Protein chains: 2
Amino acid sequence: MSLALPPDHILPQPRALLGRVAELPLELGDTLQDVTLRGFAYGPPLGSAPVFVLAGGITADALPLGDGRRPGWWQALEATGLLQLDRHTVLAPGTLGNVSDWPALCALDRTDAVDLPRLTPFDLAAATEAWLMQIGCPQGVTWIGASVGGLVGLALALQRPDRISRLITISAGHQPDGWGTGVRHLQRELVRDALRAPWPDALQRHAGVATAMKRARQLGLLSYRGRDELSARFGRLTPTSAVPPIASYLEHNGEKFANHFSPQRFLLLSEAIDRFYIADPAALPAALAPLRCRVTVVGVPADLLFPLALQQELNDALEAAGVATQLLVLRSHFGHDAFLADQVALAELLLEHGILLED
Amino acid sequence: MSLALPPDHILPQPRALLGRVAELPLELGDTLQDVTLRGFAYGPPLGSAPVFVLAGGITADALPLGDGRRPGWWQALEATGLLQLDRHTVLAPGTLGNVSDWPALCALDRTDAVDLPRLTPFDLAAATEAWLMQIGCPQGVTWIGASVGGLVGLALALQRPDRISRLITISAGHQPDGWGTGVRHLQRELVRDALRAPWPDALQRHAGVATAMKRARQLGLLSYRGRDELSARFGRLTPTSAVPPIASYLEHNGEKFANHFSPQRFLLLSEAIDRFYIADPAALPAALAPLRCRVTVVGVPADLLFPLALQQELNDALEAAGVATQLLVLRSHFGHDAFLADQVALAELLLEHGILLED
């Protein structure tokens with residue numbers, strides 16, 4: 001993270017806001033029972049100020065602006081003054097299948113199950129909509145979503161066109177591409193292999209699954225980060241070393257992830273990305289025509305996972321649909337992770353283009 | 001492979017040519033004992049025609065123009081008339097650590113060892129040089145090398161500048177980059193994890209290692225193939241399918257590889273790529289100045305593993321070194337594997353530029 005907060009910066013206090021859905025029917029036919037919807041709010045009470053929703057990656061918590069003591073994963077959006085918590089209410093819905101969950105999923109966390117309900121970003125959007133209604137936010141919001149958070153914003157704007165008055169989608173798109181789907185499929189296979197393997201005992205099973213989660217995360221990191229960044233940060237494999245310098249970066253970040261994230265939740269949400277489908281390319285403009293929001297599509301040329309070409313396709317389809325849209329290019333060597341690793345530059349790009357000004 | 005041979009095409013007959021080295025000292029300090037050098041020749045006897053050497057990837061056999069009954073992995077270079085076997089002698093040296101091996105490596109194939117000698121492309125070049133001398137080819141050759149075969153050609157031209165009169169290096173470069181090194185490191189970690197894991201018995205160990213080799217190969221495929229190719233060939237994950245369409249492609253190719261390739265040989269040669277080092281960028285022109293050959297650098301814009309930028313860097317450094325060089329761009333959506341999957345286009349590009357004409 002390139003974010004350095006001034007020492008006198010006062011972090012905002014989040015307020016936990018809960019919701020509950022007794023039955024949540026899913027796009028592909030399953031039904032979730034007894035879903036607890038979690039999320040947080042920052043700034044003025046709901047109903048007293050314009051509302052901004054922040055949504056990030058599948059493994060993100062729902063504290064993008066921190067917990068009041070430590071900064072969050074999108075702190076720069078507030079620290080740069082893009083969001084102003086004296087006059088903007090900021091909401092962070094917990095992703096369904098990660099932060100927002102249900103008893104059957106919690107039970108799965110303790111098993112080796114690989115057969116899971118089929119979630120899509122439309123389901124994540126429906127859960128967010130239920131949460132927004134239950135916490136008392138019926139009005140149109142500005143949605144700032146990166147990665148799966150961008151997919152969910154687009155899904156929600158299609159499900160309920162008056163819900164989102166302004167949509168900013170970053171490093172997302174209208175679909176994943178073949179390479180990204182292949183990479184995520186392989187990540188899932190690594191985890192499934194370990195869940196299914198004939199480990200001699202429970203302890204070794206636990207260690208084996210953790211190793212697989214670590215490797216899956218490492219493959220993720222190689223798709224999240226920019227290749228020029230990796231070349232610049234990590235030198236070559238020297239004659240005296242057994243592993244290349246990138247190994248310790250991959251090891252550290254892989255371990256951290258494996259120690260705190262559930263294999264089942266990872267499988268569920270990784271697959272949800274690959275199940276995002278609006279329409280085939282030719283039918284896409286017609287499918288997007290119901291949108292009532294203005295859209296800003298942000299793409300990063302070094303993004304390997306949701307490449308700039310996908311952002312251009314989305315922007316073109318929106319234009320063809322008659323939606324007010326613009327494509328902004330964030331020139332960052334951090335690749336897909338630029339929305340985190342270069343978040344000051346992202347905030348400045350949005351500020352520079354006056355994206356969040358009321359009008 | 002996009003190669004369709006005419007039905008009356010007569011495949012050339014290869015001739016096996018063996019060599020042996022009692023002691024092969026390696027660049028990084030180890031010494032190999034009793035190395036058997038294997039390779040094949042096609043066309044006129046050595047000494048009666050100009051000699052062309054073909055060298056490909058780390059897992060390739062030494063039969064690029066086939067075994068006389070089935071076509072080989074680079075058949076188009078002959079089928080298109082780029083190489084003419086009535087007046088060109090074609091040699092295919094077996095890669096050290098794969099086709100050319102030594103008793104201690106064969107013994108390792110039956111173990112779970114992960115500690116292996118450290119090979120570099122300079123060692124592969126030294127083994128090739130020994131083979132060329134022993135089979136009676138002391139003269140300068142035209143080297144056509146793709147992927148690691150390109151690295152080895154460059155290494156050999158530096159070791160013995162009069163050995164190579166013309167060097168064509170395809171999808172290779174003067175070094176791997178950080179992303180490629182990260183991908184290969186992760187491939188090796190997947191295999192090492194399985195070699196070290198506490199499997200309950202030998203049968204399950206065998207299956208576990210084969211699964212790891214399959215996953216490593218699948219990660220390789222995602223770096224070998226072009227992303228537009230993958231998007232075009234494989235559709236999206238449909239609501240009714242459990243895995244995306246790319247899964248069966250990855251499964252088929254991964255299994256095939258896991259069933260015939262030794263984990264130790266894979267670790268050895270994958271690492272050899274990451275151990276390729278000529279000089280730091282500033283010192284590279286001086287390090288390349290001893291070259292006496294003309295060079296053609298071929299790059300593919302869609303190559304994810306040895307990207308076009310690396311080919312441009314090599315070409316620039318060669319120019320700065322005063323070496324006669326040219327950069328040719330092969331526009332293929334097949335990525336790194338274009339030298340195989342688009343080999344007719346490669347042959348036509350070389351024909352069009354008169355690369356192999358005597359002068």
Side-chain angles (χ1 to χ4, degrees), chain A residues 27-29 115 118 120 175-186 188-190 193 197-201 204 207-208 211-212 215 218-219 221-222 225-240 242-247 249-251 271 274-277 304 307 309, chain B residues 27-29 115 118 120 175-186 188-190 193 197-201 204 207-208 211-212 215 218-219 221-222 225-240 242-247 249-251 271 274-277 304 307 309:
Chain A
E27 187 190 2
L28 300 180
D115 289 325
R118 289 170 302 164
T120 78
Q175 63 170 23
D177 81 348
W179 189 82
T181 296
V183 167
R184 278 183 299 272
H185 170 69
L186 180 51
R188 297 192 292 271
E189 289 290 79
L190 293 175
D193 285 345
W199 302 104
D201 59 44
Q204 283 172 333
T211 297
R215 299 302 177 211
Q218 293 175 339
L219 175 50
L221 290 167
L222 289 168
R225 309 302 291 210
R227 63 184 309 146
D228 290 346
E229 176 210 357
L230 293 178
S231 284
R233 279 178 67 184
F234 304 107
R236 63 186 187 83
L237 178 51
T238 57
T240 52
V243 293
I246 199 174
Y249 163 80
L250 291 176
E251 201 63 17
E271 196 168 292
D274 290 320
R275 293 201 178 278
F276 191 45
Y277 174 67
L304 288 169
Chain B
E27 187 190 1
L28 300 180
D115 290 325
R118 290 170 302 165
T120 78
Q175 63 170 23
D177 81 349
W179 190 82
T181 296
V183 167
R184 278 183 299 273
H185 170 68
L186 180 52
R188 295 192 294 271
E189 289 289 79
L190 293 174
D193 285 346
W199 302 104
D201 59 45
Q204 283 172 333
T211 298
R215 299 304 176 210
Q218 293 175 341
L219 176 49
L221 290 167
L222 288 168
R225 310 302 291 209
R227 62 184 310 146
D228 290 347
E229 175 210 357
L230 293 178
S231 283
R233 281 178 66 182
F234 303 107
R236 63 187 187 83
L237 178 52
T238 58
T240 51
V243 292
I246 198 174
Y249 163 81
L250 291 176
E251 201 63 17
E271 196 169 291
D274 290 320
R275 292 200 179 278
F276 191 45
Y277 174 66
L304 288 169

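The chains referred to below are lettered A, B, ... by the order of the sequence lines, with proteins before strands, and numbering in each begins at 1. Treat the numbers as computed from the prediction; the structure is a model and nothing was measured.
- The neighbour count for D201(B) CG, taken as heavy atoms of other residues, nucleotides or ligands under 6.0 Å away, is above 12.
- When each of F234(A), W199(A), Y277(A) is checked for heavy-atom pairs under 4.5 Å with chain B, Y277(A) comes out on top.
- Ranking A309(A), P198(A), P200(A), A232(A) against chain B, the residue ahead of the rest is P198(A), based on heavy-atom pairs under 4.5 Å.
- Using a 4.5 Å cut-off between heavy atoms, L222(A) touches chain B through backbone and side chain atoms alike.
- The shortest distance between side-chain heavy atoms of R225(A) and R233(A) falls below 4.5 Å.
- Counting heavy-atom pairs closer than 4.5 Å to chain A, the top residue among E189(B), R184(B), E229(B) is E189(B).
- Between chain A and the options G208(B), A242(B), P176(B), heavy-atom pairs under 4.5 Å are most frequent for A242(B).
- Looking at every heavy atom in both residues, L250(A) comes nearest to Q218(A) through O-NE2, 2.8 Å.
- Using a 4.5 Å cut-off between heavy atoms, R227(A) contacts chain B through both its backbone and its side chain.
- When heavy atoms are compared at a cutoff of 4.5 Å, L304(A) approaches chain B by way of both its backbone and its side chain.
- Looking at R188(A), the atoms closer than 4.5 Å to chain B (heavy atoms on both sides) all sit in the side chain, from C-beta outward.
- Heavy atoms of T240(A) lying under 4.5 Å from chain B belong exclusively to its backbone.
- Interface residue D193(A): only side-chain heavy atoms are found under 4.5 Å from chain B.
- Only the side chain of R236(A) has a heavy atom closer than 4.5 Å to any heavy atom of chain B.
- Taking both residues in full, the closest heavy atoms of H185(A) and P244(B) are given as ND1-CD, 3.5 Å, listed atom of the first, atom of the second, then distance.
- The contact between Q204(A) and chain B is made entirely by side chain atoms (from C-beta outward), counting heavy-atom distances below 4.5 Å.
- Looking at I246(A), only its side chain comes within 4.5 Å of chain B, counting heavy atoms on both sides.
- If you measure heavy-atom distances from A197(A) to chain B, the contacts under 4.5 Å come from the side chain alone.
- Within the model, atoms CZ of R275(B) and CD of E27(B) stand 10.0 Å from one another, a figure rounded to the nearest 0.5 Å.
- Contact count against chain A (heavy-atom pairs under 4.5 Å) is highest for L237(B) among V243(B), L237(B), L28(B), L230(B).
- Expressed to the nearest 0.5 Å, how far CZ of R215(B) lies from CG of L219(A) amounts to 11.5 Å.
- Considering all non-hydrogen atoms of both residues, T181(B) and D274(B) come closest at OG1-OD1, 3.0 Å.
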